[in-house]
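One structure is given below, encoded as structure tokens.
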Protein chains: 4
Amino acid sequence: MLNTAWRRRVGYSEAMTTAADRAAERAEQRRAEIVHAAFKVFTERGYHQAGIADIANELGIGHGTFYRYFANKRDILMHVLADAAERLMSVMAFADPRATDTVAEYRAQVEQICDRLFTLFVEDPEVVRLMFVEALGADPEMTALTLDTYRGLAKGTELYLRNGVEKGFLRADLDTEVTAQALIGVIISCGLSLLTAKDPAAQRERWIQAGTRVMFEGIRSPE
Amino acid sequence: MLNTAWRRRVGYSEAMTTAADRAAERAEQRRAEIVHAAFKVFTERGYHQAGIADIANELGIGHGTFYRYFANKRDILMHVLADAAERLMSVMAFADPRATDTVAEYRAQVEQICDRLFTLFVEDPEVVRLMFVEALGADPEMTALTLDTYRGLAKGTELYLRNGVEKGFLRADLDTEVTAQALIGVIISCGLSLLTAKDPAAQRERWIQAGTRVMFEGIRSPE
Amino acid sequence: MLNTAWRRRVGYSEAMTTAADRAAERAEQRRAEIVHAAFKVFTERGYHQAGIADIANELGIGHGTFYRYFANKRDILMHVLADAAERLMSVMAFADPRATDTVAEYRAQVEQICDRLFTLFVEDPEVVRLMFVEALGADPEMTALTLDTYRGLAKGTELYLRNGVEKGFLRADLDTEVTAQALIGVIISCGLSLLTAKDPAAQRERWIQAGTRVMFEGIRSPE
Amino acid sequence: MLNTAWRRRVGYSEAMTTAADRAAERAEQRRAEIVHAAFKVFTERGYHQAGIADIANELGIGHGTFYRYFANKRDILMHVLADAAERLMSVMAFADPRATDTVAEYRAQVEQICDRLFTLFVEDPEVVRLMFVEALGADPEMTALTLDTYRGLAKGTELYLRNGVEKGFLRADLDTEVTAQALIGVIISCGLSLLTAKDPAAQRERWIQAGTRVMFEGIRSPE
DNA sequence: CATGAATGAGGCTTCATTCAT
DNA sequence: GATGAATGAAGCCTCATTCAT
């Protein structure tokens with residue numbers, strides 16, 4: 001379940017009618033705006049090069065206001081990353097690991113996940129930039145946190161592999177843990193690649209094709 | 001240790017007795033020491049958290065001395081990364097892409113490369129940290145440069161795949177370019193994984209096994 | 001005192017009640033305070049010996065505050081010099097070059113200008129110090145700029161001389177350009193002289209007398 | 001006799017045959033070379049912008065060597081200025097203040113002095129740059145010293161004026177002290193003017209003409 | 001609540017000077 | 001004597017953060 005360190009807990013209550021509630025709603029909206037602006041700024045200039053003033057500027061608010069919503073620069077980074085992670089997760093966690101019973105089914109499932117994932121990469125390259133670049137290098141603690149997140153993604157992926165092994169349509173001796181990490185590596189590489197691709201949409205297709213081929217059949221020629 | 005594998009040996013003539021030569025040699029040694037110290041400091045604290053003073057302190061030299069050998073902080077980063085890249089390359093570029101004629105031969109070759117590569121990852125995790133973490137996130141320009149480097153690694157890897165396709169022991173329709181990038185992703189993921197592994201040496205073996213299995217045979221169960 | 005003569009009055013509308021206006025006014029006042037402090041510091045220690053911290057200290061403000069109002073050390077120098085130049089100009093440019101028709105009138109005009117000018121020199125020796133010492137030697141570019149300023153002063157002085165030549169009360173063959181520069185030289189020399197004079201006020205009178213005598217009649221004894 | 005603060009005392013003994021003497025001679029020569037190089041460097045970049053390394057570089061010597069001949073950067077400045085002052089003095093002190101008995105004779109003398117002086121300005125603008133720019137603004141102490149030097153030059157000039165007053169060919173009520181200072185001002189202005197003149201040689205002539213005309217006859221038209 | 005003026009810790013970099021070789 | 005490697009004081013500047021309005 002990923003790591004919870006940068007998970008936002010946004011508790012909307014269903015009835016939001018009092019003035020205080022409306023204020024809280026507006027505050028929450030403001031927070032979201034700031035996160036959005038920070039997303040853009042961190043992506044464009046990089047976390048360290050970006051300043052609080054840049055974020056405030058982006059929104060046309062005073063930079064003092066920023067501190068009414070976030071404790072400090074690190075805090076907003078955490079929230080931005082939580083947002084990015086959530087977007088990533090919402091795509092990857094869509095399917096049910098135990099829903100497939102045959103290679104064909106699983107393959108279809110993988111293709112679907114990849115399709116959605118790589119679409120995200122093409123449409124929101126900021127997510128890639130944040131998750132695979134800024135989060136990784138912000139500082140040692142951030143690096144550790146990010147590696148934990150990657151491991152979390154791998155754990156999620158592993159569930160699919162284990163399902164396949166248990167149901168017998170994947171190799172019985174598959175090292176599900178390491179293999180899952182390797183697959184995450186492929187995904188990261190795809191994300192980074194699309195970041196600078198001239199025609200990301202076209203590349204996306206190739207990655208889906210090539211990725212699933214290797215994943216399922218390997219590279220070797222059928223004898 | 002660190003300073004031998006990757007140091008540019010400019011080919012001094014065997015007679016190295018003049019004062020100028022000795023001075024040049026000592027200067028080169030100093031540069032290497034500083035690079036080594038920066039390696040450590042950047043790895044431990046991260047590029048942005050690290051200061052020139054930290055590097056100088058590590059060596060017990062005045063921080064003014066640093067500037068006799070490197071123009072500025074960015075300069076030393078470039079040199080450190082060049083070193084890291086060279087170490088990585090020297091391991092990956094060891095084999096001859098066109099030397100193999102069968103899957104078995106190629107697989108042996110891959111296993112050997114992985115063996116050497118993952119050994120580097122285990123023994124010099126700093127290289128991993130520098131190449132896959134710090135280089136990526138230092139600043140936008142560095143990010144671009146690093147992605148270029150990754151692409152270069154992929155291009156190198158592609159040569160092996162193309163050889164296999166041409167010789168017929170790899171699938172004819174293999175998308176060598178994307179597949180090579182995917183393999184680089186696996187390598188990156190392995191590096192990052194070993195970075196925080198409890199028992200990196202043990203993990204190394206699993207990665208070699210699992211990695212080559214997926215790569216050659218895919219994950220699917222033989223029907 | 002200092003801050004009134006030369007301050008650019010941007011013509012605020014009489015109703016200056018909005019917060020924004022008051023803020024702008026305070027900012028302008030702050031800028032003026034900093035310029036004033038810099039005036040003092042540069043005069044006392046010299047431009048190169050003075051530090052931003054000295055200026056901030058002089059005002060009892062944090063040195064970071066300085067940078068909210070001026071881009072850098074060079075910037076404040078430019079502003080200080082602009083102020084000094086403006087004060088100098090406002091004294092010299094007071095009279096109308098074409099207003100005089102006889103030697104006597106012109107001489108009275110010159111005496112008045114000198115009176116005002118040398119009064120400035122006595123009362124605000126900082127202006128002299130800044131314009132004739134610091135500005136000249138700050139750096140090669142500043143030197144060129146300052147020499148240009150001197151030339152501008154000479155150009156202004158030349159207008160008076162040309163008026164006299166045209167009206168016939170000054171020598172027809174007067175080299176107005178060079179003579180004007182020579183007169184500026186006399187003024188500079190006076191300023192520098194008063195800078196270290198024991199009794200500047202007394203010296204001032206002598207300069208006015210001796211200066212105008214030489215200027216109009218030369219040094220030679222009437223035969 | 002100027003002020004002695006930056007006067008070099010170079011005591012050549014007539015017999016210079018022993019090894020020690022030859023060494024001393026070579027040392028003296030080295031000192032002169034360094035002064036010459038510093039002259040150039042200070043002139044080109046300005047005192048503060050110039051570094052000891054620049055001077056050493058100019059000569060192709062190690063910058064440590066510099067300190068074997070001069071105590072510090074300020075020391076070399078003093079020597080350079082002494083050199084410049086000497087050159088200036090040697091031109092101005094050429095004539096005998098008491099040698100003239102008529103206006104015509106004195107005027108000829110002045111023209112000769114100006115001729116030599118302004119020739120120096122044209123041929124060695126570095127002297128001007130050093131004496132009238134760098135010396136003035138190096139630091140407060142230097143400024144004071146330089147103003148003293150100017151006063152010394154004025155004192156020297158005053159001797160000529162006093163001679164004229166005593167002999168009756170200059171106005172009896174001439175304020176010789178201030179007038180002398182004014183004349184120095186004209187000379188300074190001339191020097192600075194020639195520094196940036198497009199055709200210094202041509203300007204030189206105009207300065208001599210215009211300068212002596214004003215000095216002797218004033219600017220007023222003969223009635 | 002919003003603001004932005006004020007702050008100062010912190011970091012980079014320069015360069016005059018020293019001193020061992 | 002000559003050298004230049006080493007040094008660290010000194011100074012500029014940035015920017016995250018605070019807080020009075």
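Chain naming here is simple, since letters A, B, ... match the order of the sequence lines and numbering starts at 1 in each.
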Supply the atom-to-atom distance A/D139 CG to A/T143 OG1, rounded to the nearest 0.5 angstrom. 6.5 Å
What residues, two or more places apart in sequence or in another chain, satisfy side chain to side chain donor-acceptor pair (under 3.5 Å) together with D/D75? D/H79
What nucleotide among F/dC13, E/dC1, E/dA16 has an atom nearest to a side-chain atom of D/K73? E/dA16
Distance in angstrom units between D/E28 CD and F/dG1 P, rounded: 12 Å
Figure out the CZ/P separation between C/R26 and F/dT21, and round it to whole Å. 9 Å
Reckon B/F70 touches a base, only the sugar-phosphate, or nothing at all at heavy-atom distances under 4.0 Å? nothing
Can you label the angle between the C/F42 ring and the C/Y47 ring as parallel, tilted or perpendicular, going by 30° and 60°? perpendicular
Pairwise 5' ranking along DNA chain F for D/A23 and A/A71, keeping only the more 5' one: D/A23
Sub-3.5 Å donor-acceptor pair from the side chain of B/K40 to the main-chain atoms of B/E58, do we have one? no
With a 4.0 Å cut-off, would you call C/R26 and C/E33 a salt bridge? no
From CD1 of C/I34 across to C1' of E/dA6 the rounded distance in Å is 11 Å
Starting from P on F/dC13, measure out to CG on C/D75 and report it in whole angstrom. 10 Å
Any residue in residues 48-67 of chain C with a heavy atom nearer than 4.0 angstrom to DNA chain E? Just list them by number, or reply none. C/I61, C/G62, C/H63, C/G64, C/T65
What is the distance, rounded to the nearest whole Å, between atom CG of B/N72 and atom P of E/dT13? 5 Å
Rounded to whole Å, please give me the gap between CZ in A/R68 and P in E/dG4. 14 Å
Please determine whether a side-chain nitrogen or oxygen atom of C/R30 lies at a distance below 4.0 Å from atom OP1 or OP2 of E/dA6. yes
Among B/V41, B/V35, B/T43, which residue meets the side-chain contact (heavy atoms from CB on, under 4.5 Å) test with B/V80? B/V35
Donor-acceptor contact below 3.5 Å, side chain B/R31 vs main chain B/Y69: yes
Separation of F/dA2 P from D/E33 CD (nearest whole Å): 11 Å
Identified pairing partner of E/dT21, criterion: Watson-Crick or G-U wobble below 3.5 Å: F/dA2
For F/dA16, give its Watson-Crick or G-U wobble partner with both distances under 3.5 Å, or none. E/dT7
